[in-house]
Student: 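Questions regarding the structure given below will be posed in turn.
Chain A is the first sequence line, chain B the second, and so forth, proteins listed ahead of strands; every chain is numbered from 1. Everything numeric here is computed off the predicted structure, so don't read it as measured data.
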2 protein chains.
Amino acid sequence: MDLLSGPWTMYLLWVLSTQGPTRFGALKRRIEGISTKMLTERLRMLEAEGLLFRHYEPTVPPQVTYGLTERGQELISVLNLLDDLAVRWYGDAASPPCTDAPQ
Amino acid sequence: MDLLSGPWTMYLLWVLSTQGPTRFGALKRRIEGISTKMLTERLRMLEAEGLLFRHYEPTVPPQVTYGLTERGQELISVLNLLDDLAVRWYGDAASPPCTDAPQ
DNA sequence: CTGGATCCGAATCGATACTG
DNA sequence: CAGTATCGATTCGGATCCAG
């Protein structure tokens, strides 16, 4: 509970679940409003909990990709149920802005 | 998400789910560590969201009982799944102090 | 591009005192 | 018993600057 209670945490997981593995900058742009500090903190915490992985590619410039681990996926399935309730109670409008056109 | 992200929120719901309708003072004692202010805030918020009800009995002294609504129960079922994951990942020790012997 | 370090204002939260 | 009101310490989080 403490883990998920942090700001942006659930939303970050959610974004990763809809986008698949995503790079740091893309996440920052996608989440819009989150600060570098927050994003880094959340990513570190979730990584420490084994909910997501960090893939570092030492190119120039470096590329770092984050994605859900198996545990992360399991957690997402619970969050999906939560979303079902949210939709049922508040309607689709309450859903996160899933404006993804991933192509 | 914002709703559940608040401090004590999930735990409070959890306690109410294992105790059934509970009075203010009992909740405060049960949750141990929460301040009056926090508890009141959380209760108000959850009531406003229709997750729990407030029953006021104008006796002397007054008795106020809080309990889960139907919506609250639905949400608990999701939290239970979350608990399943927690137990699987961290073991029973990480569970809330569910020291209930319901028989 | 991906962060780490620092500073500082804003929001939070607990403790306390008080009421019906 | 069940809160409300206020105040002050603390924490939090964003902005900024810097580096590999």
Side-chain angles (χ1 to χ4, degrees), chain A residues 1-16 19-69 72 96-97 102, chain B residues 1-16 19-69 72 96:
Chain A
M1 294 182 180
D2 289 344
L3 176 59
L4 295 180
S5 291
W8 298 106
T9 311
M10 295 200 230
Y11 185 62
L12 174 55
L13 287 171
W14 190 270
V15 168
L16 280 174
Q19 309 283 315
T22 311
R23 290 178 51 189
F24 185 88
L27 277 176
K28 187 152 171 21
R29 260 172 277 119
R30 191 62 100 167
I31 297 191
E32 187 173 16
I34 197 172
S35 65
T36 305
K37 183 182 176 183
M38 249 307 88
L39 182 54
T40 306
E41 279 182 20
R42 256 52 247 180
L43 288 171
R44 293 282 176 278
M45 165 182 291
L46 293 174
E47 186 193 0
E49 294 292 331
L51 295 177
L52 52 81
F53 65 84
R54 177 179 190 269
H55 176 72
Y56 178 79
E57 201 65 41
T59 56
V60 178
Q63 299 193 358
V64 181
T65 306
Y66 295 90
L68 295 176
T69 61
Chain B
M1 294 181 179
D2 289 344
L3 176 60
L4 294 180
S5 291
W8 298 107
T9 311
M10 295 201 230
Y11 185 63
L12 174 55
L13 287 170
W14 190 269
V15 168
L16 280 174
Q19 310 282 316
T22 311
R23 291 177 51 189
F24 185 89
L27 277 175
K28 187 153 170 24
R29 260 172 276 117
R30 190 61 101 168
I31 298 191
E32 186 173 17
I34 197 171
S35 65
T36 305
K37 184 181 175 183
M38 249 304 91
L39 182 53
T40 306
E41 280 182 19
R42 256 54 247 180
L43 289 171
R44 294 280 177 278
M45 167 182 291
L46 292 174
E47 187 194 1
E49 294 293 330
L51 295 177
L52 51 81
F53 65 84
R54 177 180 189 268
H55 177 70
Y56 178 79
E57 201 65 42
T59 56
V60 178
Q63 299 193 359
V64 182
T65 305
Y66 295 91
L68 295 176
T69 60

Student: Quick one: label A:Glu41 by what it contacts on the DNA or RNA (base, sugar-phosphate, nothing), any heavy atom closer than 4.0 Å.
Tutor: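 The answer is nothing, as A:Glu41 stays clear of every strand by at least 4.0 Å.
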
Student: So if I take every side-chain heavy atom of B:Arg54 and compare against C:dC1, D:dG14, D:dA2, which nucleotide ends up nearest?
Tutor: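 Closest of the options to the side chain of B:Arg54: D:dA2.
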
Student: Please report the distance, rounded to the nearest Å, between CD in A:Gln63 and P in D:dG20.
Tutor: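 After rounding, the reported distance stands at 20 Å.
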
Student: For A:Ile31 and C:dT2, what is the distance between atoms CD1 and P respectively, to the nearest whole Å?
Tutor: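 So the CD1-P distance, A:Ile31 to C:dT2, works out to 13 Å.
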
Student: Nearest whole Å is fine: how far is D:dG14 C1' from A:Ile34 CD1?
Tutor: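 So the CD1-C1' distance, A:Ile34 to D:dG14, works out to 11 Å.
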
Student: I need the NE2-C1' distance between B:His55 and D:dC1, as an integer number of Å.
Tutor: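 Going from NE2 in B:His55 over to C1' in D:dC1 covers 15 Å.
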
Student: Closest approach to the side chain of A:Val64, judged atom by atom: which nucleotide of D:dG3, C:dT2, D:dG14 is it?
Tutor: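 That would be C:dT2.
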
Student: Any donor and acceptor pair, going by atom type alone, linking the side chain of A:Thr22 with main-chain N or O of A:Gly20 inside 3.5 Å?
Tutor: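 Checked: pair present.
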
Student: Could you go step by step and tell me if B:Leu16 and B:Leu46 meet the side chain to side chain contact (heavy atoms under 4.5 Å, CB included) rule?
Tutor: CA-CA 12 Å; B:Leu16 280 174; B:Leu46 292 174; 6.0 Å; no

Student: Roughly, in whole Å, what's the span from CZ in A:Arg23 to C1' in C:dT2?
Tutor: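 Taking atom C1' of C:dT2 as the reference, CZ of A:Arg23 is at 9 Å.
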
Student: By nearest atom, which of the nucleotides C:dC1, C:dC13, C:dG4 is closest to the A:Pro61 side chain?
Tutor: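 For A:Pro61, the side-chain atoms sit closest to C:dC1.
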
Student: Can any side-chain N or O of B:Thr69 pair as donor or acceptor with the backbone N or O of B:Gly50 at less than 3.5 Å?
Tutor: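 Here the side-chain-to-backbone pair exists.
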
Student: Indicate, with a heavy-atom threshold strictly under 4.0 Å, whether A:Thr40 touches base, sugar-phosphate, or nothing.
Tutor: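 Sugar-phosphate: the residue A:Thr40, judged by heavy atoms under 4.0 Å, touches backbone atoms but no base.
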
Student: Do B:Thr36 and B:Lys28 have side chains that approach each other closer than 4.5 Å (heavy atoms only, starting at C-beta)?
Tutor: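 Yes. Closest side-chain heavy atoms under 4.5 Å.
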
Student: Could you check how far CG of B:Asp2 sits from P of C:dA11, rounded to whole Å?
Tutor: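 Value for this atom pair: 16 Å.
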
Student: Closest approach to the side chain of A:Lys37, judged atom by atom: which nucleotide of C:dC1, C:dC7, D:dG3 is it?
Tutor: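 Of all the options, the side chain of A:Lys37 is nearest to C:dC7.
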
Student: Among the candidates C:dG4, D:dG13, D:dA2, find the nucleotide nearest to the side-chain atoms of A:Pro7.
Tutor: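 Of the candidates, D:dG13 comes closest.
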
Student: NZ of B:Lys28 versus C1' of C:dT16: gap in Å, rounded?
Tutor: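 Whole-Å distance recorded here is 12 Å.
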
Student: Mind calculating the distance between OH (B:Tyr56) and P (D:dT4) to the nearest angstrom?
Tutor: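 Spelled out: OH on B:Tyr56 to P on D:dT4 is 11 Å.
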
Student: Go through C:dT2, C:dC13, D:dG13 for me and flag the one nearest to the B:Arg42 side chain.
Tutor: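 Looking only at side-chain atoms, B:Arg42 lies closest to C:dC13.
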
Student: Answer yes or no: is there a donor N or O on one side and an acceptor on the other, between the side chain of A:Ser5 and the main chain of A:Met1, under 3.5 Å?
Tutor: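 Present.
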
Student: Heavy atoms from C-beta onward define the side chain here; which of D:dG14, D:dG3, D:dG20 lies closest to that of B:Tyr66?
Tutor: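 Of the candidates, D:dG3 comes closest.
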
